[in-house]
Amino acid sequence: MAPHLHEVSGPRSLRAHAAAAGLLVGCAVNPRGLDGEPAYSQTVADQMNLLVAENAMKWGPLRPTIDTFDFRPADDIMDFAARHNQQVRGHNLCWHEELPTWFASEVNKGNAKEILIQHIQTVAGRYAGRIQSWDVVNEAILPKDGRPDGLRKSPWLELLGPDYIDIAFHTARLADPHALLTYNDYGIEKDTPEDTIKRGDVLMLIRRMKARGVPLDAVGIQSHLTAGDPMPGAGLRAFVRECGRLGLQVFVTEMDVNDKKLPAAVEERDQAVAKVYQDYLTMMLAEPNVTAVLTWGVTDKYTWLDGPKFGRADGRPERPLPFDSDYQPTPAFFAERAALDSRAARLSAPVRQGDPYAPFRPGSARGGAAGPQSERQ
Ligand code: G3I
């Protein structure tokens with residue numbers, strides 16, 4: 001029997017359990033759902049203390065022409081968050097995808113630096129002091145492009161060389177000194193040879209950025225996982241701890257669990273997907289510097305995974321998220337909530353010398369992960 005929504009709202013919601021653990025919990029959102037679909041907006045309002053725009057803050061949607069910005073969808077998300085006492089992550093200020101149609105014909109080596117700086121100043125400046133963290137550069141590493149530094153041969157690299165990364169972070173810091181500046185990437189989770197090489201290149205990138213004094217505060221691990229794949233483990237844990245030693249927070253920024261390798265039976269799929277949520281998030285939240293968890297969407301109804309490119313060969317809708325397409329909590333919801341509780345349990349364990357969680361406890365100087373403006377009572 002489907003659990004009733006009162007079993008998962010109020011004190012039983014993800015955001016209530018996250019607050020008890022000094023954590024941020026969130027999801028990717030679309031303004032259309034927030035404005036036009038009560039079940040969608042209610043679920044997001046009830047469950048999340050952090051939102052990220054799935055698309056509205058990317059170059060394409062923001063920049064209809066080289067001289068104009070369209071902030072309406074992004075503003076709608078900011079307003080919704082303010083109304084529901086939620087924080088917002090910015091995604092993203094510099095990426096090789098979702099570039100506007102005019103980009104290739106208008107941007108060249110002569111004007112690329114000015115255009116990148118003007119974009120970041122305008123976008124990050126507009127929301128300065130209201131953004132918890134920005135994905136300043138997204139997905140800049142691609143080992144198969146064959147460069148010794150592992151950098152992806154993106155339009156930004158072609159136009160500006162590796163300096164584009166430093167330019168983006170320094171500009172973001174000036175535009176919004178409050179936001180935690182984040183490098184975000186995927187395919188760095190598992191102990192497979194491919195993920196291990198990419199994770200090493202990401203670590204090399206962030207170490208060199210820190211050595212150059214580039215303002216970097218956090219790393220985003222997208223966590224697009226697939227049930228039936230090898231579970232992330234020692235390699236990722238070591239990476240997260242190295243980030244901690246570099247003074248960096250770590251965010252799980254885009255979690256979902258693809259069920260394309262699983263048999264069709266919904267019950268079986270949901271249990272296997274929930275097991276991945278439970279094991280992965282419990283492992284990640286055992287690390288003190290992991291301070292936020294976001295899923296890439298809230299309901300299976302709008303997941304990007306559906307369709308021939310990423311979805312199930314049998315064409316059945318994917319079930320990768322904490323709420324199904326009828327906004328009923330799935331076993332993944334309870335697994336995610338239990339993982340948040342595992343962190344709270346660690347916080348309530350007797351404090352021993354050199355408490356690693358001290359900086360991330362609710363009420364600590366950092367006020368838990370969320371920072372001073374977290375769950376205002
Ligand atoms: O809004 C336009 C619409 O006007 C047009 O009619 C339609 C048909 O072309 O396209 C619509 O834009 C699409 C947009 O999603 C909104 O639906 C873009 O074509 C499509 O490319 C875009 O896909 C997004 C993709 O990033 C590329 O930006 C997905 O929704 C989004 O889930 C996905 O998210 C990425 C993260 O940003 C980075 N990490 C991986 C993750 C999954 O790929």
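What you see is a predicted model; the values in this text were computed from it and never measured. Only this structure's heavy atoms are used, side chains among them; waters, hydrogens and symmetry mates stay out. Each ligand, and each atom within it, is numbered from 1 in the order the structure gives.
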Show me the side-chain donor-acceptor pairs of residues 307-318 shorter than 3.5 Å, one per line, residues at least two apart or across chains.
from, atom 1, to, atom 2, distance (Å)
Arg312, NE, Asp314, OD1, 3.0
Arg312, NE, Asp314, OD2, 3.2
Arg312, NH1, Asp259, O, 2.6
Arg312, NH1, Asp259, OD1, 3.2
Arg312, NH1, Leu262, O, 3.1
Arg312, NH2, Leu262, O, 2.9
Arg312, NH2, Asp314, OD2, 2.8
Asp314, OD1, Arg316, N, 2.8
Asp314, OD2, Arg316, NH1, 3.3
Glu318, OE1, Asp259, N, 2.9

**Message:** Tell me the closest heavy-atom pair linking Ala338 and Gln278, and the distance in Å.
**Reply:** CB-NE2, 3.8 Å
**Item:** Shell of residues surrounding ligand 1, defined by a 4.0 angstrom heavy-atom cut-off that is strict
**Value:** Glu54, Asn55, Lys58, His91, Trp95, Glu97, Glu98, Asn138, Glu139, Gln222, His224, Glu254, Trp296, Trp304
**Message:** Going by side chain to side chain contact (heavy atoms under 4.5 Å, CB included), name the residues that satisfy it together with Asp201, two or more places apart in sequence or in a different chain.
**Reply:** Ile141, Pro143, Ile197, Met204
**Request:** Using atom types as modelled and distance alone, determine if a side-chain donor or acceptor of Thr182 lies under 3.5 Å from a backbone N or O of Asn184.
**Result:** no
**Message:** Does Arg126 qualify as a cation-pi partner of Phe71, given the criterion of NZ or CZ under 6.0 Å from the six-membered ring centre and within 45 degrees of its axis?
**Reply:** yes
**Request:** Scan residues 33-44 for pairs that pass side-chain hydrogen bond (donor to acceptor under 3.5 Å, both in side chains), counting only residues two or more places apart or in two chains.
**Result:**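 Every pair satisfying side-chain hydrogen bond (donor to acceptor under 3.5 Å, both in side chains) with a residue in residues 33-44: Glu37-Lys301, Glu37-Tyr302, Glu37-Tyr327, Gln42-Asp46.
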